[in-house]
Undergrad: 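The structure is given below, and queries will be raised subsequently.
Every chain is numbered from 1, with letters handed out A, B, ... down the list of sequences.
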Amino acid sequence: MSEIQSVKIAVRGLTKIFGDAPEDALDLLHKGETKQTIFERTGQTVGVADANFDVYEGEILVVMGLSGSGKSSLIRCLNRLNEPTSGEILIDGQDIVGLKHRDLLQVRRRKFGMVFQHFALFPHRTIQQNVEYGLEIQGVAPEERAEKALTALSQVGLESSVDSYPDQLSGGMQQRVGLARALAVEPDVLLMDEAFSALDPLIRRDMQQELIALQSRMRKTIVFITHDLDEALFLGNRIILMKDARIEQVGTAEDILSNPATTYVERFVAEVDKTKLLTAGAVMRKTRTVAFVNDGPRTVLRKMEDEDLNLLFVVESDFTLRGVVRDDAALKAVQRGERGIQEIIETSIEPVGIDTPVRELFAPLSESSMPAPVVDDAGRLKGMVVRASLLQGLADQSSATTTEEAA
Amino acid sequence: MIDIPRLPLADWIDEGLDALTDQFAPATKLVSDLVETGIESAVDGLMWLPPWLTILLVSALAWRLAGRRTALLSLFGFALLWNLGLWEPTLQTLVLVLIATLVAVAIGAPLGILAAISGGVYRVLFPILDFMQTMPAFVYLIPAIPFFGLGPVAAVFSTVIFAMPPAIRLTTLGIRQVPADLVEAADAFGSTKWQKLVKVQLPLAIPTIMAGINQTIMLALSMVVIAAMIGAQGLGGEVWRAIQRNEAGMGFEAGLAVVVLAMVLDRITQGIIRNRRSPAN
Ligand SMILES: Nc1ncnc2c1ncn2[C@@H]1O[C@H](COP(=O)(O)OP(=O)(O)O)[C@@H](O)[C@H]1O
Ligand SMILES: [Mg+2]
């Protein structure tokens, strides 16, 4: 995330109104009226209202919101399946809103691959023919087409059953085909509208993980839509939160969880935590090795080397947390010929109570690269939380609960 | 009493038709000759084959397309018609039906596609179809005569008009029924209208279009029988003669032959539809 990010898609003042008199609705929208009022007064439905955001090259941008909040309307504007009512959509700096139909077809062919909630595979075509569809449209020769289709299929872990028809595959398999069909045209941007929402929770989890793996391999720019906060937190480099056709907040998972921009976001997030009741204890990792207060600096250094760590938590013999010791301090202590580590223990570290809600951990953790020690009521070390395990924990928890509900 | 003059609707139609027949006389003459030759050579060709061979061939075709039961039906059905001495009129009717269906579908399917794609065409065409389908079948016979004279060509002409509506309707319906997300997927990959039509909409509409063709065939058969009144030969001619001579038995035999032909044609087209429905096999 540290490299300078280039903007792949810039969306400026994008508005989409459904109905035959968008002008009236547009006026009211500029006066700040809500979607509800506008519908009551004009009968026009506001799909997207004045959206402004960038999609960075190589990121997964998640658009999240309740059903009807305008997510699909928004993503369908990006390749003009929905004709925007006003605003600009710059792709690699080129505004596609004014494009003539022929040029638009070229943009759709070269820049985008789309994956649909209900797969939208062509039932009269085999798996291979489905994956070849986009290439066929581009006029690619049959041999090259077949080759690229097979590559795309192997990217999603599907190499057998290329001659089957879609209705012979399970839902998860069908969506792999949907993904392969989108990947086969080697698009710059993948548009995924609730792509995993129709799948069973366990398969859904698999697909999410594979999408992340795929994205880290291929560095695709992905715009992913979901109504599910956990999915958003798990997948999104950044998240856009929508409500009633408007964008409420754009930010990283941490931003959204720890600094909700509006009371709506706050409630949305609180809702998730309430149902999950996630605590530090649930997401912590075991500490594999600790330093005891009576250890010498050489022992501590060797423990660090064995586990490939650069710091250790220091505990008393009953595991009461005393502080932390770092490798550079231990090395200096050895060089100075010291026998104990008493002098080099840092005690400024803030432990986290085992019952602390996960939500309260985002802010402190996002400011330090160090793991936070987790202690019980008596102050004894029980484990630690690192930033990465937080999101993973959140997501695992939710898929576990949804599985139980489904069962 | 107020004297409202009668609307000369009939006169207008007559004048219009006269103008049209004058205008297109050379063209209709040409078409007429062509179709007449076509019908005659098709019937002659079929008559040249021994009936038992034709019956076996048709039954084999029925087997392939629609299974054993239909094959048996056509084997025994046609054998009976041969035995009753109705072989030639049966063939004449079959040829008229097939030619009329061919023409009706060749014109109707493209019209149906146009109506599916363009809202304007739809709004103009579909009320006309409603009108056409409520008009009594006999009425279609009358304008055919000034154009083509009495005989098989006029029969084919009015049959085509009468049997075309389902071919149009079900083509439009089939295309409009293609799930929206599939059409959207085609659009998302940058398909042109034509690519979308040929690669997605038409293939998925085929079962419905086939159902339309099935209806067209059935309508064509009923019309070809009625068209005996304007000189079409075939089974209708037999029925017509039976009426004029008041021979109930002969009328029944010819009627039975129409039923056999209808059943065989219906089963075979239904069989084709069934086979198309399961691409996975
Ligand atoms: N084609 C359409 N015509 C009219 N209204 C539409 C159309 N598509 C979406 N809408 C309306 O726009 C709003 C946003 O819908 P949508 O973008 O599908 O929401 P989401 O994907 O977040 O569930 C809803 O009020 C919906 O009824
Ligand atoms: Mg949606």
Undergrad: Take atom CZ of Phe76(B) as the centre, draw a 6.0 Å sphere, and report whether it contains more than 12 heavy atoms from other residues, nucleotides or ligands.
TA: no
Undergrad: Without hydrogens or angle criteria, can the side chains of Arg169(B) and Gln133(B) be said to hold a donor-acceptor pair below 3.5 Å?
TA: yes
Undergrad: Check whether Leu121(A) gets within reach of chain B through its side chain, its backbone, both or neither, counting any heavy atom under 4.5 Å.
TA: backbone
Undergrad: Identify which part of Arg125(A) has an atom lying under 4.5 Å from any heavy atom of chain B, answering side chain, backbone, both or neither.
TA: side chain
Undergrad: If you compare all heavy atoms of Arg80(A) against all heavy atoms of Pro84(A), which two are closest, and at what distance to 0.1 Å?
TA: CG-CD, 3.8 Å
Undergrad: Looking only at side-chain N and O atoms, does Asp193(A) offer a donor or acceptor that is under 3.5 Å from a partner on Ser72(A)?
TA: yes
Undergrad: Side chain, backbone, both or neither: which part of Ala186(B) has a heavy atom under 4.5 Å from chain A?
TA: both
Undergrad: Heavy-atom pairs under 4.5 Å with chain B are the metric here; pick the option from His101(A), Arg110(A), Arg76(A), His118(A) that has the most.
TA: Arg76(A)
Undergrad: Based on non-hydrogen pairs under 4.5 Å, which of Val183(B), Val178(B), Thr192(B) is most in contact with chain A?
TA: Thr192(B)
Undergrad: Taking the six-membered ring for Trp, are Tyr140(B) and Phe157(B) ring centroids under 6.0 Å apart?
TA: no
Undergrad: Any idea which of Gln106(A), Glu136(A), Met114(A) has the most non-hydrogen atom pairs under 4.5 angstrom with chain B?
TA: Glu136(A)
